[in-house]
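I have placed the structure first, in the form of structure tokens, so that the comments after it can refer back to it.
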Amino acid sequence: MNAFAHIGQQCDAIEECYEFMLAYAAQGIGDDRQSRHGSQLRELLARAVDAAAGIPEAYAGVLTAVDPATAPKYIRFLEVLKADTSKALAAMELVLVQSRMPSQLIDNLNASVHLRTLLADIFLLDEILRLQQTP
């Protein structure tokens with residue numbers, strides 16, 4: 001699998017989890033263990049955590065090779081991405097270890113500036129990669 005496809009899979013896992021959590025939060029569930037969607041929520045959140053953990057390194061490998069002349073600018077932003085990823089991971093991992101995941105907890109995670117910032121970083125970098133691949 002090439003590096004671009006791997007990054008795409010990582011980003012998809014994070015986005016899929018976020019979108020699922022939006023729908024889950026709207027259901028007013030008091031306990032994920034009593035919902036048919038509870039195990040799916042935990043699975044998607046675990047996949048998102050695994051994907052996010054490798055995001056900074058994956059982008060670093062691709063972006064610094066794209067345009068060596070602008071690599072220092074990429075490296076500076078990759079440091080931002082690393083910090084943002086760390087914060088989002090802390091929030092997602094905190095929620096994942098809870099014995100219950102009511103809708104309100106997931107709604108609060110969705111609203112977390114850390115998770116939203118990670119998503120915004122990913123969207124920005126994805127667009128940059130698309131621009132680099134298009135003549």
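Atom set for the values below is all heavy atoms of this structure, side chains included, hydrogens, waters and symmetry mates excluded. What you are looking at is a predicted structure, and each value in this text was computed from that prediction instead of being measured.
With sequence neighbours excluded, the residues that form a salt bridge (Lys or Arg N to Asp or Glu O under 4.0 Å) with R42 are D32. Qualifying side chain to side chain donor-acceptor pair (under 3.5 Å) partners for Q27, counting only residues two or more places apart in sequence or in other chains: none. Remark: E57 pairs with no residue by the side-chain contact (heavy atoms from CB on, under 4.5 Å) rule, at least two apart or across chains.
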Only distances under 3.5 Å count here; give the side-chain donor-acceptor pairs of residues 71-91 to other protein atoms, sequence neighbours excluded, each with its distance to 0.1 Å.
residue : atom : partner : partner atom : Å
Y74     : OH   : Q132    : NE2          : 3.2
T85     : OG1  : L81     : O            : 2.7

Side chains of residues 121-129: which donor-acceptor partners sit under 3.5 Å, not counting sequence neighbours?
residue : atom : partner : partner atom : Å
D126    : OD1  : Y59     : OH           : 2.5
E127    : OE1  : R130    : NH1          : 3.4

Distance-only criterion, 3.5 Å: show the donor-acceptor pairs between side-chain atoms of residues 94-101 and protein atoms not counting sequence neighbours.
residue : atom : partner : partner atom : Å
Q98     : NE2  : L94     : O            : 2.8
R100    : NH1  : G30     : O            : 2.8

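Rounding to the nearest 0.5 Å places NE2 of H6 at 7.5 Å from CD1 of I55. The line from CG of L44 to CD of E16 is 5.0 Å long, rounded to the nearest 0.5 Å. The OG atom of S103 sits 10.5 Å away from atom CG of D31, with the distance rounded to the nearest 0.5 Å. Considering CG of L118 and OG of S112, their distance stands at 10.0 Å, rounded to 0.5 Å. Atom CD1 of I106 and atom SG of C17 lie 8.0 Å apart (nearest 0.5 Å). Taken from CG in D12 to CD1 in I7, the straight-line distance is 11.5 Å, to the nearest 0.5 Å.
Considering all non-hydrogen atoms of both residues, I14 and A48 come closest at CG1-O, 3.9 Å. Between P56 and A53, the shortest heavy-atom contact is CD-O, 4.1 Å. Between M21 and L45, the shortest heavy-atom distance links the atoms SD-CD1, 4.2 Å. In plain terms, the two heavy atoms of Y24 and S35 that are nearest each other are CE1-OG, 4.4 Å. Summarising the geometry of Q10 relative to A58, their closest heavy-atom pair is OE1-CB, 3.3 Å, with the distance given to 0.1 Å.
In the hydrophobic clustering of ILVMFWY residues, with side-chain heavy atoms under 4.5 Å counting as a link, L119 and V113 come out apart.
D50 is not listed as a side-chain neighbour of R47, based on a closest heavy-atom distance of 4.5 Å or more.
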